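A short worksheet on the structure shown next.
It should be emphasised that the depicted structure is a prediction, and the values quoted were computed from it without experimental measurement. Residue numbers start from 1 in every chain, and the chains themselves are labelled A, B, ... in the order their sequence lines are given, proteins ahead of strands.
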Amino acid sequence: MNFNLSKYMCGRVTLTKESVPVNHRFAKQVNEAELVPNYNIGPTQKVGVINSEEPEHLQFLSWGLQITVNHHPTLLLNARADTLLERKTFAPLLEAGQTCFMLVDSYYEWSTTSKANRHPYRILLKDNDLFGIAGLYKRIVDEQTGEETIQFTSITTEPNPMLSKIHDRMPAILPIGHEMDWLKPQANPKDYLTMLQPLNEKLLQMYTVSNEVGKLTNNYPDLIKPYEYPAQPEQLSMF
DNA sequence: CCAGACGTTGTT
DNA sequence: GTCTGG
DNA sequence: CCAGACGTTGTT
DNA sequence: GTCTGG
């Protein structure tokens with residue numbers, strides 16, 4: 001079996017808020033973290049994460065868990081929810097309660113259902129609120145310096161009907177309002193998996209955005225604006 | 001995830 | 001086409 | 001015991 | 001680090 005390691009879903013997110021109301025469930029974490037609105041966060045970049053060790057703090061961690069595959073260092077951005085307990089890399093983390101979630105207010109997805117109309121979409125809650133994407137984290141100690149860092153990967157699951165129109169996976173968005181349950185120790189590792197269901201599409205909205213978002217160095221408010229693409233005729237495979 | 005590169009040796 | 005870097 | 005692996009998505 | 005295969 002050949003694996004292509006360079007392709008992932010759920011590889012871009014945003015955290016555009018500077019603050020939230022004081023009675024918001026994430027008020028403590030967000031309002032103490034001195035947020036800088038970010039419209040284009042990608043792999044290896046710092047993303048706001050809350051983990052089971054310090055659920056009261058929003059930390060900014062580099063996105064990706066590094067492992068070695070075929071002698072090559074490989075960055076894992078995503079872990080599949082359905083095989084978490086079968087994977088040597090992920091099962092020990094789940095069993096040890098090394099759970100976390102990315103705190104974001106949208107993610108980008110490039111539609112793959114049509115070659116002619118391959119555009120980036122922005123997906124967010126209908127009420128534009130913050131949400132959590134489930135993940136697993138790992139402490140890494142540098143042998144030389146003794147320096148300790150935290151790496152993490154986000155979790156993907158089956159798409160709901162709305163998102164299945166553009167992609168065959170979606171991020172494991174934690175149940176709205178119950179995000180902290182993901183950080184609590186579970187009696188059985190399997191109990192974690194029940195929290196990794198596709199989020200109901202009724203809570204979500206999506207729209208196409210400019211392909212300027214593809215370039216990771218672009219980062220400005222216009223990236224999250226709706227952008228209409230002229231309809232392209234599908235390529236016919238015959239004639 | 002997309003964008004962008006895609007090569008080696010020796011010398012500074 | 002396929003890998004690397006961000 | 002040691003050696004070697006350890007992973008996901010998209011496209012066809 | 002930890003598991004699997006030999």
Side-chain angles (χ1 to χ4, degrees), chain A residues 1-15 38-47 60-98 102 104 106-123 133-143 146 148-159 163-172 189 196 206 208-219 223-224 227 234-235 237-238:
Chain A
M1 185 82 78
N2 256 344
F3 293 107
N4 179 340
L5 311 180
S6 62
K7 304 259 199 272
Y8 294 83
M9 73 80 52
C10 190
R12 298 291 177 90
V13 297
T14 71
L15 180 49
N38 196 323
Y39 304 89
N40 202 359
I41 306 169
T44 72
Q45 297 185 321
K46 298 282 184 179
V47 51
F60 286 86
L61 304 180
S62 174
W63 186 357
L65 193 68
Q66 193 182 304
I67 65 163
T68 304
V69 179
N70 302 333
H71 310 292
H72 297 295
T74 303
L75 201 60
L76 300 177
L77 309 185
N78 298 136
R80 293 177 65 94
D82 33 311
T83 53
L84 272 191
L85 290 173
E86 301 164 19
R87 295 282 176 262
K88 298 174 211 172
T89 303
F90 304 133
L93 300 179
L94 195 64
E95 282 156 14
Q98 310 274 99
M102 295 195 282
V104 303
S106 71
Y107 75 96
Y108 298 111
E109 188 82 272
W110 279 258
S111 64
T112 52
T113 42
S114 151
K115 249 185 183 174
N117 296 290
R118 189 167 196 282
H119 309 306
Y121 285 73
R122 181 177 187 232
I123 296 98
I133 297 176
L136 297 171
Y137 72 92
K138 185 179 185 178
R139 295 193 161 279
I140 306 293
V141 180
D142 189 303
E143 298 284 332
E148 200 175 69
T149 51
I150 300 178
Q151 298 183 346
F152 82 96
T153 188
S154 59
I155 298 172
T156 68
T157 187
E158 296 287 311
L163 286 163
S164 68
K165 287 172 186 152
I166 60 169
H167 211 93
D168 63 352
R169 305 292 293 170
M170 72 176 282
L196 304 177
M206 70 175 183
T208 50
V209 294
S210 163
N211 55 25
E212 287 167 28
V213 76
K215 207 180 168 84
L216 197 44
T217 48
N218 288 340
N219 190 350
L223 293 182
I224 64 171
Y227 182 97
E234 292 298 322
Q235 290 278 2
S237 54
M238 298 197 172

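Rounded to whole Å, atom P of dG6(C) lies 15 Å from atom CG of N40(A). Between the CZ atom of R12(A) and the C1' atom of dG5(C) there is a distance of 12 Å, given to the nearest Å. As a whole-Å value, the separation of L77(A) CG from dG5(C) P is 14 Å. One atom, CD of Q66(A), and another, C1' of dG1(E), lie 14 Å apart when rounded to the nearest Å. For the pair Y108(A) OH and dA3(B) P, the interatomic distance rounds to 13 Å; values are reported in whole Å. Rounded to whole Å, atom P of dG6(C) lies 16 Å from atom CD of Q151(A). Atom NZ of K138(A) is separated from atom P of dC6(D) by 14 Å (rounded to the nearest Å). Between Q45(A) atom CD and dA3(B) atom P there is a gap of 14 Å when expressed in whole angstrom units.
A side-chain contact (heavy atoms from CB on, under 4.5 Å) with Y108(A) is found for exactly one of V213(A), I41(A), I123(A), namely V213(A). When T157(A), L196(A), T156(A) are each tested for a side-chain contact (heavy atoms from CB on, under 4.5 Å) with R80(A), only one passes: T156(A).
Remark: the separation of the P atoms in dG7(B) and dG5(C) is 12 Å, to the nearest Å. Rounded to whole Å, the separation between the C1' atoms of dC6(D) and dG6(C) comes to 24 Å. A gap of 15 Å separates the C1' atoms of dC3(C) and dT9(D), to the nearest Å.
For the strand DNA chain D, secondary-structure stems (runs of at least three Watson-Crick or G-U pairs, all distances below 3.5 Å) span D:1-6 with E:1-6.
Distance alone, capped at 3.5 Å, places no donor-acceptor pair between the S106(A) side chain and the R122(A) backbone. When atom types are taken as modelled, the side chain of S111(A) and the backbone of H119(A) share a donor-acceptor pair closer than 3.5 angstrom. Of the possible polar contacts, none joining the N38(A) side chain to the N219(A) backbone as a donor-acceptor pair under 3.5 Å is found. Under a 3.5 Å cut-off, the side chain of E86(A) and the backbone N or O of T83(A) do not form any donor-acceptor pair.
Nearest to the side chain of R169(A), among dT9(D), dC2(B), dT8(D), sits dT9(D).
A close approach under 4.0 Å does not occur between any side-chain nitrogen or oxygen of K46(A) and OP1 or OP2 of dG6(C). Applying the 4.0 Å criterion to OP1 and OP2 of dC2(B), one finds that R118(A) has a side-chain N or O inside that range. For T156(A) and dT8(D), the shortest distance from a side-chain N or O to OP1 or OP2 is not below 4.0 Å. Distances shown here put a side-chain N or O of R80(A) below 4.0 Å from the OP1 or OP2 atom of dT9(D).
In this structure the side chain of V47(A) never reaches within 4.5 angstrom of the side chain of L15(A), judged on heavy atoms.
The shortest non-hydrogen separation linking S210(A) to P120(A) is O-CG, 3.6 Å. Shortest non-hydrogen contact noted between G64(A) and L77(A) is CA-CD2, 4.2 Å. Closest approach of N218(A) to L223(A), counting heavy atoms only: O-CD1, 3.4 Å.
I67(A) comes within 4.0 angstrom of the backbone, heavy atoms only, and of no base. In this structure, G42(A) reaches neither bases nor backbone, as no heavy-atom distance under 4.0 Å exists between it and the strands shown.
Remark: R87(A), K88(A), T89(A), F90(A) in residues 87-97 of chain A come within less than 4.0 Å of DNA chain D through at least one heavy atom.
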